[in-house]
2 protein chains.
Amino acid sequence: MRPGIKQVAELAQVSIATVSHVINNTRYVSNEIKQKVYSAMEQLDYRPNAVAQSLRSQKSNTIGLIVPILPSDTSNFFFMTVAQGIQSTLKKHGYQMLLSNNTTEELEEEKEQIKLFNSKLIDGLIIASIAEDVGYLNDIVRSRYPVVFIDRKPEGYNGDHVVADGYGGSFNAVKLLAEKGHRRIGFVTGTLGISTSNERLEGYKKALAEQGLPYDPSLVKVASPSFESGYECAERLLAEGGITALFIANNVLTMGVMGCLQEKKIRIPEDLAVVGFDDYDWTKITTPPLTVIRQPSFEIGEKAAEAMIKRIEEGQDNPEFREYRLPTQLVLRGSC
Amino acid sequence: MRPGIKQVAELAQVSIATVSHVINNTRYVSNEIKQKVYSAMEQLDYRPNAVAQSLRSQKSNTIGLIVPILPSDTSNFFFMTVAQGIQSTLKKHGYQMLLSNNTTEELEEEKEQIKLFNSKLIDGLIIASIAEDVGYLNDIVRSRYPVVFIDRKPEGYNGDHVVADGYGGSFNAVKLLAEKGHRRIGFVTGTLGISTSNERLEGYKKALAEQGLPYDPSLVKVASPSFESGYECAERLLAEGGITALFIANNVLTMGVMGCLQEKKIRIPEDLAVVGFDDYDWTKITTPPLTVIRQPSFEIGEKAAEAMIKRIEEGQDNPEFREYRLPTQLVLRGSC
DNA sequence: CTGAAAGCGCTTACAG
DNA sequence: CTGAAAGCGCTTACAG
């Protein structure tokens, strides 16, 4: 049987309370007694029962993370790296991460997962919500614990959020292409209406304007989030003709576009200069290697965890919610 | 405040015991009373406190999963897909998955994670151990719950394990190359001594033998698990000359090799025919797209979860441990 | 057919 | 400076 605190107390000949206090360093215990307790714990290979601790203290030292990850989808990679950033910094502060991924891309699933987390007494929630409006959190979370949003800017519920500077990344990519002399620069984006896509489009427009280039809506293709859709957008842009450069605003679409270009034997960058999104490993081994906008995914996770810890330590007193905006980075390779 | 079972009992005017029994369907309750309880639960938006349930019943309905995932490493993808397979089938059986990834690739970390799981009362452990010998589990797990191993065959501790048929995959890849007329077929493998690498090497040898080709150790390069190491192995094989085909036995190394070939402008398959390992999305968009051995990663996860559920339901009575070996698949594309 | 009560393994006021 | 006891929210023998 697993030894409990009672067994430790008996062996050390002290009270249960004392054992608890030496474990948690929560009140003064004489050195002599401390030693007895430590050695008893060691002898029994005692580990506190986390479940009992949670029940009693109404605190689980656990932060829930909800992230939309489809099976076998390349975009996994981004959120997985974020998750690792979160986990590694939570660990430093003595917290654990409970991961739940929304495989269905449905909002109901997301809600269900939060309710599950609630029943496990999480101390905080970090979420990359798929909802455009996260107002539903008002009913489910009810400010019982802090919520930190990642990737997108939340609407309808207050919370810190950490995002990558997609605006700046997009701006820099398009500016680079324009400076290389390209006048007709295609743009492939994911569904609009969410903050990430919106601001990347803004960056595109802004760069064009600054470079004195006209904004031509026919050069902008909105894709659904799939390889195939990216492929198809590239196909259409190619068929319509006229572009000499292409910027793709997310990683799944970048892959789809590259699939199309490789199949049609478009020479890069001679026939078409290309800049993609997200610095995935595979972008290094395409022909030629791809210039991309890098999002600091691990750092996003770290920052989200830090924000969470801060919130928990501060308590409810601070009503001002912060936006943490992390810089993106232009990674130059052979494709433009 | 979150309502507890007591509040439900009061509102429904029944005992706590009765509420518990209708929740768990664990003894007869008259329809009339059931209805009262249900409506009280709904009215209060009641959810049982999972922590209290675990503590009392000494069962958490949670399966721990430990998997070695390095930050920003492409190999993440394999285990992530496995994890999704596990999670989706556990969910069907009312279990949750608790994920812990060993970021350090160190055995001590692995042990620490298991101890943490223990303190959370997990009902079972699914693990892709990095240890060559998992005998240490005898001390930590002590048969308190079932262990299912994935990816590799365990040594030193008994448990079901589910693996992909690397032997068959490797055999088919090399056979294909030989049948296309290649006589000198290079082989890049990860560290030997673990079941996965070992059996892929065996498959290579077996295919050569069957095709009447000599086994030449100088064509076999053992790499450490990194992009760079794969790159370097390709470089060496190229420098030493003589190979017309190359089979790479895991995905990280495949990427490294492709990086090298692309940089040295080796034409594929004209100069060198290539077969890689693992059907990652990016293998579709290399130039040319890559022929690979596909491992059924999601299915591995599903099978592991099924094996776990079976063990838990069977109890301790069945001492015969099973190997589940899932077929790999040759995915033909342009690189050979 | 249903209820009162013990107890899972802890933490934390309350006493002394 | 340390201990005895209540209680977190459930499940589950034991009674009737």
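Proteins get letters first, then strands, A, B, ... in listed order; numbering begins at 1 in each. Just the heavy atoms: all of them, side chains too, but no hydrogens, waters or symmetry mates, feed the values below.
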Chemist: Using heavy atoms and a sub-4.0 Å distance, could you list which residues of residues 7-31 of chain B are near DNA chain C? By number, please.
Modeler: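 Within residues 7-31 of chain B, the residues near DNA chain C are B:V14, B:S15, B:A17, B:T18, B:R27, B:Y28, B:V29, B:S30.
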Chemist: Among residues at least two apart in sequence or on other chains, which ones pass salt bridge (charged side-chain N to carboxylate O under 4.0 Å, His left out) with A:K153?
Modeler: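 Salt bridge (charged side-chain N to carboxylate O under 4.0 Å, His left out) check on A:K153 returns A:E323.
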Chemist: Check salt bridge (charged side-chain N to carboxylate O under 4.0 Å, His left out) between A:E112 and all other residues, then give those that pass, not counting sequence neighbours.
Modeler: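 With neighbours one apart ignored, the set is B:R47.
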Chemist: Mind checking salt bridge (charged side-chain N to carboxylate O under 4.0 Å, His left out) for B:D160 and listing every partner two or more places apart, or none if nothing turns up?
Modeler: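 For B:D160 the salt bridge (charged side-chain N to carboxylate O under 4.0 Å, His left out) partners, ignoring immediate neighbours, are B:R311.
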Chemist: Step by step, would you call B:K303 with B:E306 a salt bridge (Lys or Arg N to Asp or Glu O under 4.0 Å)?
Modeler: CA-CA 5 Å; B:K303 189 56 87 181; B:E306 281 165 22; 3.7 Å; yes
Chemist: Taking side chain to side chain donor-acceptor pair (under 3.5 Å) as the definition, give me every residue that meets it alongside B:S100, ordered by chain and number, with sequence neighbours left out.
Modeler: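 With sequence neighbours excluded, B:S100 shows a side chain to side chain donor-acceptor pair (under 3.5 Å) to B:Q113, given in chain and number order.
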Chemist: Which residues pass the salt bridge (charged side-chain N to carboxylate O under 4.0 Å, His left out) test with A:E108, sequence neighbours left out?
Modeler: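 With neighbours one apart ignored, the set is A:K111.
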Chemist: Does any donor atom in the side chain of A:E110 or A:S129 lie under 3.5 Å from an acceptor atom in the other side chain?
Modeler: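 Side-chain D/A pair, A:E110 to A:S129: present.
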Chemist: Should the pair A:E109-B:K91 be classified as a salt bridge under the 4.0 Å nitrogen-to-oxygen rule?
Modeler: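 Yes, this pair counts.
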Chemist: Could you list the residues that satisfy side-chain contact (heavy atoms from CB on, under 4.5 Å) with B:N118, not counting sequence neighbours?
Modeler: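 Listed in chain order: A:R2, B:I114, B:I140, B:R144, B:Y145.
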Chemist: Could you tell me the boundaries of the chain A footprint on DNA chain D, defined by atoms under 4.0 Å from its heavy atoms?
Modeler: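 Using the under 4.0 Å cut-off, the span is D:dC1 to D:dG9.
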Chemist: Which parts of residues 43-56 of chain A get close to DNA chain D, meaning a heavy atom less than 4.0 angstrom away?
Modeler: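 Within this stretch, A:L55, A:R56 sit under 4.0 Å of the strand.
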Chemist: Please identify each residue that fulfils side chain to side chain donor-acceptor pair (under 3.5 Å) with B:Q87, with sequence neighbours left out.
Modeler: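 Result, side chain to side chain donor-acceptor pair (under 3.5 Å) vs B:Q87: none returned.
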Chemist: Stems in DNA chain C: runs of 3 or more consecutive Watson-Crick or G-U pairs, distances under 3.5 Å?
Modeler: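 Stems (3+ consecutive pairs) listed as C:1-3 with D:14-16, C:5-12 with D:5-12, C:14-16 with D:1-3.
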Chemist: Which residues satisfy the side chain to side chain donor-acceptor pair (under 3.5 Å) test with B:K120, sequence neighbours excluded?
Modeler: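 B:K120 satisfies side chain to side chain donor-acceptor pair (under 3.5 Å) with A:T62, A:Q96 once adjacent residues are dropped.
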